[in-house]
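First up is the structure itself, then whatever we jot down about it.
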Amino acid sequence: NAFRSLNARLEKTRKVAKSVVGAVLKVGAAAVGLVVAFAAATKKAVDFAASIGRTAREVNVSTKALQKYRFAAELAGIANEELDDAFRTLNELIGEAVNEQAGAAFEAFQQLGIASDILSGKLRGTEPVFLEVVDALNQIEDKSRRAALSAIVFGGEAGLKLANLTNQGTAAIKAAGDEFERLDGLINNKTIKSAEAASKSIAKLSAIMKSQLTKALAENAPLIADFGKDLLENLPKIISGLRDVARFFGLVGLSASKQL
């Protein structure tokens, strides 16, 4: 009777252990998955907000204007990166036109009728020049000539892709941006600056952790090598021990435990 009672208690212990282990594994896996997903989503959001500030400075437009034009471009099937590239090219060519007053870009601005305003400073900055270019392009009936000029001022492939946006005209582009603002889609400058600071901190922390891990592994390479050697030598014993534990708690069947 005592032996049977002991076996019953052991069997109950096995079942409880199996249930607890299974629950812990499921909850643990779910928790880890949620943490990883949350961390990834947070970093993605921070990086996106930070990129608005960096890109706005690069292309010489306000963060508000960049977001509004991005929204208008997305509605036209143009990715943020493609619009950013077009603005980046336009900003560079404006500088070249002012400094050199020659070259393909300067000639393109002349054909569009805005070169003199750019040189005089009447048109200053990427945004006003962009809007004037859009208006001028839409006054050109020859589609081939329009596409050629667009490719010059916005940069090759980006200029051609931007046609879906520029063909709408400035009124439609502005209307789309204003709608984005009304829908409360804009990220304010304070949030963008905070995101930039956070992004730098994350990048710095990641670089330091990577460096420290590399340093630690390199300094302990002999110990790691010895540990790996010992692990391989004792692997049969470890597997045998794991098999016995798993079989005792009923986590695996007898035939399955032999395969461990």
Side-chain angles (χ1 to χ4, degrees), residues 44-45 47-98 103-118 122-189 191-192:
K44 186 176 181 179
D47 288 345
F48 177 78
S51 73
I52 295 173
R54 290 193 295 267
T55 303
R57 288 191 295 272
E58 290 176 4
V59 303
N60 193 26
V61 299
S62 67
T63 56
K64 179 179 179 179
L66 178 62
Q67 293 178 79
K68 293 172 74 170
Y69 288 130
R70 277 182 169 185
F71 179 72
E74 285 185 16
L75 293 181
I78 300 167
N80 288 342
E81 293 77 10
E82 293 170 337
L83 178 71
D84 295 348
D85 287 342
F87 276 172
R88 195 173 287 110
T89 298
L90 179 61
N91 183 52
E92 292 173 356
L93 294 179
I94 292 171
E96 289 181 13
V98 171
F106 183 72
E107 291 179 6
F109 289 140
Q110 284 184 316
Q111 292 185 51
L112 292 170
I114 62 174
S116 59
D117 287 342
I118 292 176
K122 183 178 179 180
L123 287 177
R124 191 182 301 276
T126 303
E127 183 180 2
V129 173
F130 169 72
L131 294 174
E132 288 295 323
V133 168
V134 171
D135 280 338
L137 287 172
N138 281 289
Q139 292 175 14
I140 300 174
E141 295 184 1
D142 188 334
K143 293 183 179 180
S144 296
R145 180 166 173 258
R146 188 194 309 165
L149 289 172
S150 180
I152 293 173
V153 297
F154 294 128
E157 186 176 349
L160 296 176
K161 289 183 177 180
L162 215 63
N164 288 336
L165 176 66
T166 57
N167 287 345
Q168 297 178 17
T170 55
I173 294 173
K174 289 180 179 178
D178 291 341
E179 180 185 15
F180 185 63
E181 184 173 10
R182 284 196 306 273
L183 295 172
D184 198 27
L186 292 174
I187 301 174
N188 61 47
N189 281 329
T191 301
I192 290 172

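Closest of all the heavy-atom pairs between Ile152 and Ala108 is CG2-CB, 3.8 Å. Summarising the geometry of Ala72 relative to Ala176, their closest heavy-atom pair is CB-CB, 3.7 Å, with the distance given to 0.1 Å. Considering every non-hydrogen atom in both Gly125 and Ile94, the closest pair reads O-CD1, 4.0 Å. Contact detail for Ala76 and Asn164: the closest heavy-atom pair is O-CB, 3.6 Å.
The side chain to side chain contact (heavy atoms under 4.5 Å, CB included) test with Phe154 singles out one residue from Leu137, Leu149, Leu93, Leu160, and that residue is Leu137. Screening Ile187, Asn188, Asn189 for a side chain to side chain contact (heavy atoms under 4.5 Å, CB included) involving Thr63 leaves a single residue, Asn189.
A distance-only check finds no donor-acceptor pair linking the side chain of Ser150 to the backbone of Ala147 [under 3.5 Å].
One finds the CD atom of Glu82 at 11.5 Å from the CG atom of Leu165 (value rounded to the nearest 0.5 Å). Separation of atoms CZ (Arg182) and CG (Asp184) is listed at 12.5 Å; rounding is to 0.5 Å. Summarising the geometry, atom CG belonging to Asn80 is positioned 11.0 Å from atom CG belonging to Asp85; distances are rounded to the nearest 0.5 Å. Atom CG of Asp84 is separated from atom CZ of Arg54 by 11.5 Å, given to the nearest 0.5 angstrom. Interatomic distance, Thr166 OG1 to Asn138 CG, rounded to the nearest 0.5 Å: 6.5 Å. Atom CZ of Phe71 sits about 5.0 Å away from atom CD of Glu179, to the nearest 0.5 Å.
Two residues are said to be in side-chain contact when any heavy atoms from C-beta on lie closer than 4.5 Å; Arg88 and Thr55 meet this criterion. With a 4.5 Å cut-off on side-chain heavy atoms, Leu131 and Lys174 count as touching. Side-chain contact between Leu90 and Val59 is absent, with no heavy atoms from C-beta onward closer than 4.5 Å. Counting only heavy atoms from C-beta outward, the side chains of Arg70 and Phe180 never approach each other to under 4.5 Å. Inter-residue side-chain proximity for Leu186 and Lys68 is flagged as met; some heavy-atom pair is nearer than 4.5 Å.
Surrounding CZ of Arg124 are at most 12 heavy atoms belonging to other residues, nucleotides or ligands under 6.0 Å away.
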Side chain to side chain contact (heavy atoms under 4.5 Å, CB included) between Leu112 and Glu132, intermediate numbers included: CA-CA 9 Å; Leu112 292 170; Glu132 288 295 323; over 6 Å; no
Intermediate values then yes/no, side chain to side chain contact (heavy atoms under 4.5 Å, CB included), Val129 and Asn91: CA-CA 9 Å; Val129 173; Asn91 183 52; over 6 Å; no
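The aromatic rings of Phe87 and Phe130 lie perpendicular to each other, with more than 60° between the two planes, well past the 30° mark.
A salt bridge links Glu157 and Lys161; the closest N-O separation between the charged side-chain nitrogens and carboxylate oxygens is under 4.0 Å.
Partners of Phe109 under the ring pair (Phe, Tyr, Trp, His ring centres under 6.0 Å) rule, at least two apart in sequence or in another chain, do not exist in this structure.
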